[in-house]
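Below you'll find the structure, written out as C-alpha cells, and then a few comments.
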Amino acid sequence: MQINNYLEKYQPIIYKTFVNSLTTNRLSHAYLLSGAPGTPLLEIAKHLAKSILCDNPSPLACNSCITCMRVDDNNYPDYFLFDGSKSVIDKGSIVGVEHAFDKKAFEAKGIRIYILHLVENMTIEAVNSILKFLEEPGTEIYAFLTTNNESAILPTILSRCQILKVKLLDRKSVIDEAIS
C-alpha cells in the first residue's frame, strides 16, 4: 500500500492536518490515531513519524532517503516502536524510552520519536509512566499512540494528545483498490 496516496485519498483530514503541521512547523508533541480494527493505524503512525525525520519530505516522507530506510529497518537510534498487538506494553518499555530520551539525541537532527501501537494493551504501571512522560514532554520528542478502542484510554492521556480519527473504508473502496 502506498501510504501517502492512501492518506491523501481516503484519510484527507489526517493528511491535511499533518501536512499543515509539518509545513508550519507546529507539530503536536503527541498524536493519538484512533480507528476500528482493520484500519492501518501502525502503518500511518510509522509514516507520520518518518515524515518528521525524512531528509526529503514532499510533503510527507519520501520513503527512499537513508533516514526513511533506517526507520523502516528499525535501525534509527532515536526511534522506538512498541507493538501492543504482539505483547503487552509494560512499564519497563516505557521507562526504557524515558531513560533513552533523557540523554541527548544520537542523530544530528535532535528529533526523537516513539510509537505505542494499541495503547489499550498497556499495563496499569505503563499507563502511569507514559502519563507522566506525556505531561512533561521534552523538546523535539514526539509520540504516536494508536488505539482501536478510544474509550479504553484514560481521559488524562486523551487530553494530552491531538486525536486523529482514522475512518474505515467502505466495501466498494476496498474492492476498487484491490482491482486497480
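Applying the side-chain contact (heavy atoms from CB on, under 4.5 Å) rule to Lys91 yields the partners Val95, Glu125, Ser129; only residues at least two apart in sequence or on another chain are considered. For Pro77, the side-chain contact (heavy atoms from CB on, under 4.5 Å) criterion is met by Arg70, Phe106, Glu107, not counting sequence neighbours. Residues passing the ring-ring contact (aromatic ring centres under 6.0 Å, His included) test with Tyr31 are Phe18, Phe144, sequence neighbours excluded.
Checking side-chain atoms of Thr146 against main-chain N and O of Leu118 turns up a donor-acceptor pair under 3.5 Å. For Glu43 (side chain) and Ile3 (main-chain N/O), no donor-acceptor pair under 3.5 Å exists by modelled atom type. Without hydrogens or angle criteria, Asn148 side chain to Ser34 main chain gives no donor-acceptor distance under 3.5 Å. Judged by distance alone, the side chain of Gln11 and the main-chain N or O of Lys167 form a donor-acceptor pair under 3.5 Å. Of the possible donor and acceptor atoms, one in the side chain of His29 sits under 3.5 Å from a partner among the backbone N and O of Leu134. In this structure, Ser51 contributes its side chain and Ala61 its backbone to a donor-acceptor pair below 3.5 Å.
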**Request:** Test side-chain contact (heavy atoms from CB on, under 4.5 Å) on Leu27 and Gln162 and set out the steps.
**Result:** CA-CA 10 Å; Leu27 291 165; Gln162 181 174 353; over 6 Å; no
**Request:** Report the C-alpha separation of Ile44 and Tyr6 in whole Å, then their side-chain angles, then the decisive distance to 0.1 Å, and conclude whether the side-chain contact (heavy atoms from CB on, under 4.5 Å) test is met.
**Result:** CA-CA 9 Å; Ile44 293 170; Tyr6 170 82; 3.9 Å; yes
**Message:** The test is side-chain hydrogen bond (donor to acceptor under 3.5 Å, both in side chains); show your working for Asn149 and Thr147 and say whether it passes.
**Reply:** CA-CA 5 Å; Asn149 185 1; Thr147 184; 5.9 Å; no
**Item:** Ile113 and Asp78: CA distance, side-chain angles, deciding distance, side-chain contact (heavy atoms from CB on, under 4.5 Å) verdict
**Value:** CA-CA 6 Å; Ile113 297 175; Asp78 296 322; over 6 Å; no
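To the nearest 0.5 angstrom, Asn20 atom CG is 13.0 Å from Asn25 atom CG. A distance of 10.5 Å separates CG of Leu60 from NZ of Lys50, quoted to the nearest 0.5 Å. The line from CG of Leu48 to CG of Leu33 is 6.0 Å long, rounded to the nearest 0.5 Å. Summarising the geometry, atom CG belonging to Leu32 is positioned 9.0 Å from atom CD1 belonging to Ile157; distances are rounded to the nearest 0.5 Å. Taken from CG in Leu116 to CG in Leu145, the straight-line distance is 4.5 Å, to the nearest 0.5 Å. Taking CD1 of Ile89 as the reference point, atom CG of Asn121 lies at 7.0 Å (rounded to 0.5 Å).
One hydrophobic cluster holds both Leu53 and Leu22 under the rule that ILVMFWY side chains link at heavy-atom gaps under 4.5 Å. In terms of hydrophobic clustering, with Ile, Leu, Val, Met, Phe, Trp and Tyr side chains grouped at heavy-atom distances under 4.5 Å, Tyr142 and Val97 are assigned to different clusters. Neither Ile130 nor Leu81 shares a network with the other; the hydrophobic side chains, linked directly or stepwise wherever heavy atoms of I, L, V, M, F, W or Y lie under 4.5 Å apart, form separate groups for each. Linking ILVMFWY residues whenever their side-chain heavy atoms come closer than 4.5 Å, directly or via other members, places Val119 and Leu154 in the same cluster. One hydrophobic cluster, built from ILVMFWY side chains closer than 4.5 Å, holds both Ile153 and Leu131.
Under the 4.5 Å side-chain criterion, counting only non-hydrogen atoms from C-beta, Lys46 is not in contact with Val71. Looking at heavy atoms from C-beta onward, Ile111 lies out of side-chain contact with Tyr79 at the 4.5 angstrom threshold. Counting only heavy atoms from C-beta outward, the side chains of Ser21 and Ser28 never approach each other to under 4.5 Å. Counting heavy atoms from C-beta on, the side chains of His117 and Lys86 never come closer than 4.5 Å. Between Tyr15 and Pro59 there is a side-chain heavy-atom pair separated by less than 4.5 Å.
A salt bridge links Lys109 with Asp55: the closest approach of a Lys/Arg side-chain nitrogen to an acidic carboxylate oxygen falls below 4.0 angstrom.
The shortest non-hydrogen separation linking Cys54 to Cys62 is SG-N, 3.3 Å.
Relative ring orientation between Phe82 and Phe80 is described as parallel, the plane-to-plane angle staying below 30° on a 0-90° scale split at 30° and 60°.
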